[in-house]
Enquirer: 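Have a look at the structure that comes next, please.
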Amino acid sequence: MQVAVVTFDGFNELDSFIASALINRCRKDGLEAFITTPTPQVTSMNGVEVTGQRPMEFVTEADVVLIGSGVRTRDVVADDRLISRLSLDPARQLVGSQCSGALVLARLGLLAGMPACTDRTSRPFVEAYDVTVLDAPFHAEGNIATAGGCLASQYLATWVITRVLGEKVARDVLDYVAPIGENQETVERALRAVHASEAALH
């Protein structure tokens, strides 16, 4: 199972790297994430230059696609040519967004009829697509999930791992990366965030 972590120029390091790093702790279980970029190199909002591991076309073959956030997401959604390269199919893929990545999902029409999570700065722009923005860090319906706030990227990764490999694997990953002495509360907080959106649908 392959995960495309879509990472644009001006990206937020916390969004792309936390999700990909947590998911890549599951390589031995057959789940692997790749930083997926529209150009061979992209530069973060803080000037960190990164070489993409996969080209944008990888999104069509990936089992999971996570759309990262950044300071240029509004430019991304205004670029018809770039948006056309994001051919996503929630019927066969898990699709998630982090912070302003919700703008991309809204632009693609994937948030129609469902609420979403995003960051404070992006909220009015997501709402402009007639999407209801929740005061919550994570929300999922079916195969689509959105997370709001940089550190909510751990919830997005938890959702992916839980959906693909099960809760026990997610617990093991979170327990390993949790701050020492805060293991149980870190694990439970992440799983509670993921399960809360599921419970709201039943």
Side-chain angles (χ1 to χ4, degrees), residues 3-20 23 33 35-38 42 44-46 56 59 62 64-91 93-160 163 189-190 192-201:
V3 182
V5 180
V6 179
T7 302
F8 300 107
D9 217 32
F11 73 94
N12 183 319
E13 301 95 332
L14 292 173
D15 295 345
S16 289
F17 294 157
I18 290 176
S20 61
I23 291 167
I35 299 295
T36 302
T37 56
V42 291
S44 79
M45 60 191 291
N46 295 306
M56 191 64 90
V59 300
V64 181
V65 180
L66 302 181
I67 309 293
S69 182
V71 294
R72 297 182 186 167
T73 309
R74 290 169 65 195
D75 295 332
V76 170
V77 297
D79 187 335
D80 291 340
R81 182 178 296 181
L82 183 51
I83 285 294
S84 70
R85 297 171 68 188
L86 284 167
S87 181
L88 308 182
D89 181 8
Q93 296 172 307
L94 295 181
V95 177
S97 69
Q98 178 65 45
C99 291
S100 66
L103 267 178
V104 177
L105 296 192
R107 171 74 166 78
L108 291 169
L110 298 179
L111 297 181
M114 68 177 283
C117 301
T118 190
D119 62 279
R120 294 172 185 164
T121 303
S122 302
R123 180 171 187 147
F125 303 107
V126 175
E127 290 176 333
Y129 281 93
D130 291 325
V131 174
T132 299
V133 174
L134 302 172
D135 287 316
F138 180 84
H139 180 75
E141 290 186 22
N143 288 345
I144 298 176
T146 55
C150 300
L151 294 180
S153 49
Q154 63 183 298
Y155 302 156
L156 199 56
T158 299
W159 175 71
V160 171
R163 284 289 303 270
R189 183 189 303 115
R192 189 164 59 245
V194 170
H195 292 325
S197 63
E198 295 172 349
L201 297 176

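Just so you know, these numbers come straight off a predicted model, no measurement behind them.
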Enquirer: Heavy atoms only: give me the nearest Trp159-Val194 pair and the separation to one decimal.
Expert: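 For Trp159 and Val194, the tightest heavy-atom pair comes out as N-CG2, 3.9 Å.
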Enquirer: What's the separation between atom CD in Gln98 and atom CD1 in Ile18, rounded to the nearest 0.5 Å?
Expert: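 The CD atom of Gln98 sits 8.0 Å away from the CD1 atom of Ile18.
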Enquirer: For the atom pair CG (Leu66) and OG (Ser16), what is the distance rounded to the nearest 0.5 Å?
Expert: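 Taking CG in Leu66 and OG in Ser16, the distance rounds to 9.0 Å.
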Enquirer: Calculate, to the nearest 0.5 Å, the distance between atoms CG and SG belonging to Leu14 and Cys150 respectively.
Expert: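 Here the interatomic distance stands at 5.0 Å.
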Enquirer: Which heavy atom of Val5 sits nearest to which heavy atom of Ala33, and what is that distance?
Expert: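 Shortest heavy-atom separation between Val5 and Ala33 comes out as CG2-CB, 4.1 Å.
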Enquirer: Of all residues at least two apart in sequence or in a different chain, which pass the side-chain hydrogen bond (donor to acceptor under 3.5 Å, both in side chains) check with Arg85?
Expert: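 So Arg85 forms a side-chain hydrogen bond (donor to acceptor under 3.5 Å, both in side chains) with Glu57.
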Enquirer: Quick one: ring pair (Phe, Tyr, Trp, His ring centres under 6.0 Å) partners of Tyr155, sequence neighbours excluded?
Expert: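 Expected list: none.
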Enquirer: When you measure from the side chain of Gln93 to the backbone of Val59, do you find a donor-acceptor pair of N or O atoms at a distance under 3.5 Å?
Expert: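 Here the side-chain-to-backbone pair exists.
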Enquirer: Please report the closest heavy-atom contact between Leu105 and Ala145, naming both atoms and the distance.
Expert: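 Closest approach of Leu105 to Ala145, heavy atoms only: CD1-O, 4.2 Å.
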Enquirer: Who passes side-chain hydrogen bond (donor to acceptor under 3.5 Å, both in side chains) against Thr158, sequence neighbours left out?
Expert: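 Result, side-chain hydrogen bond (donor to acceptor under 3.5 Å, both in side chains) vs Thr158: none returned.
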Enquirer: What pair of heavy atoms forms the shortest contact from Thr36 to Met56, and how long is it?
Expert: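 So the minimum-distance heavy-atom pair works out to CG2-CA, 3.9 Å.
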Enquirer: Looking at residues at least two apart in the chain, or sitting in another chain, which of them share a side chain to side chain contact (heavy atoms under 4.5 Å, CB included) with Glu127?
Expert: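 Partners of Glu127 under the side chain to side chain contact (heavy atoms under 4.5 Å, CB included) test: Arg123, Val133.
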Enquirer: For residues Pro38 and Leu82, report the shortest heavy-atom separation together with the two atoms involved.
Expert: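 Heavy atoms only, the tightest pair is CB-CD1, 3.6 Å.
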Enquirer: Mind jotting down which residue pairs meet the side-chain hydrogen bond (donor to acceptor under 3.5 Å, both in side chains) criterion with at least one end in residues 99-114? Sequence neighbours excluded, please.
Expert: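 Output for this query lists Ser69-Ser100, Thr73-Ser100, Asp80-Arg107.
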Enquirer: Just jot down the ring pair (Phe, Tyr, Trp, His ring centres under 6.0 Å) partners of Phe17, sequence neighbours excluded, or say none.
Expert: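 With neighbours one apart ignored, the set is Phe11.
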Enquirer: Listed by chain and number, what are the salt bridge (Lys or Arg N to Asp or Glu O under 4.0 Å) partners of Asp79, not counting sequence neighbours?
Expert: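 By the salt bridge (Lys or Arg N to Asp or Glu O under 4.0 Å) rule, Asp79 matches no residue at all.
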Enquirer: For Val104, run the side-chain contact (heavy atoms from CB on, under 4.5 Å) check against Ile83, Val6, Leu110 and tell me which one passes.
Expert: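 The residue from Ile83, Val6, Leu110 that satisfies side-chain contact (heavy atoms from CB on, under 4.5 Å) with Val104 turns out to be Ile83.
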Enquirer: Using the side-chain hydrogen bond (donor to acceptor under 3.5 Å, both in side chains) rule, collect all pairs that involve residues 111-120, keeping only residues at least two apart or in two chains.
Expert: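 Counting only pairs at least two positions apart or across chains, the side-chain hydrogen bond (donor to acceptor under 3.5 Å, both in side chains) contacts touching residues 111-120 are Asp119-Ser122.
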Enquirer: Minimum heavy-atom separation for Asn143 to Pro90, with atom names?
Expert: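 The answer is ND2-O, 2.8 Å.
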Enquirer: Taking side-chain hydrogen bond (donor to acceptor under 3.5 Å, both in side chains) as the definition, give me every residue that meets it alongside Arg189, ordered by chain and number, with sequence neighbours left out.
Expert: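 Checked Arg189 against side-chain hydrogen bond (donor to acceptor under 3.5 Å, both in side chains); zero matches.
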Enquirer: Partners of Asp130 by side-chain hydrogen bond (donor to acceptor under 3.5 Å, both in side chains), sequence neighbours excluded?
Expert: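 Asp130: no side-chain hydrogen bond (donor to acceptor under 3.5 Å, both in side chains) contacts found.
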Enquirer: In chain order, what residues pass the side chain to side chain contact (heavy atoms under 4.5 Å, CB included) check against Met114, with sequence neighbours excluded?
Expert: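 Listed in chain order: Leu111, His139, Glu141, Ile144.
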Enquirer: Thr146 side chain to Cys117 main-chain N or O, any donor-acceptor pair under 3.5 Å?
Expert: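 Side chain of Thr146 to backbone of Cys117: a pair is present.
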Enquirer: By the salt bridge (Lys or Arg N to Asp or Glu O under 4.0 Å) test, which pairs, at least two apart or in different chains, include something from residues 9-18?
Expert: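 Matches after skipping sequence neighbours: Asp9-Arg72.
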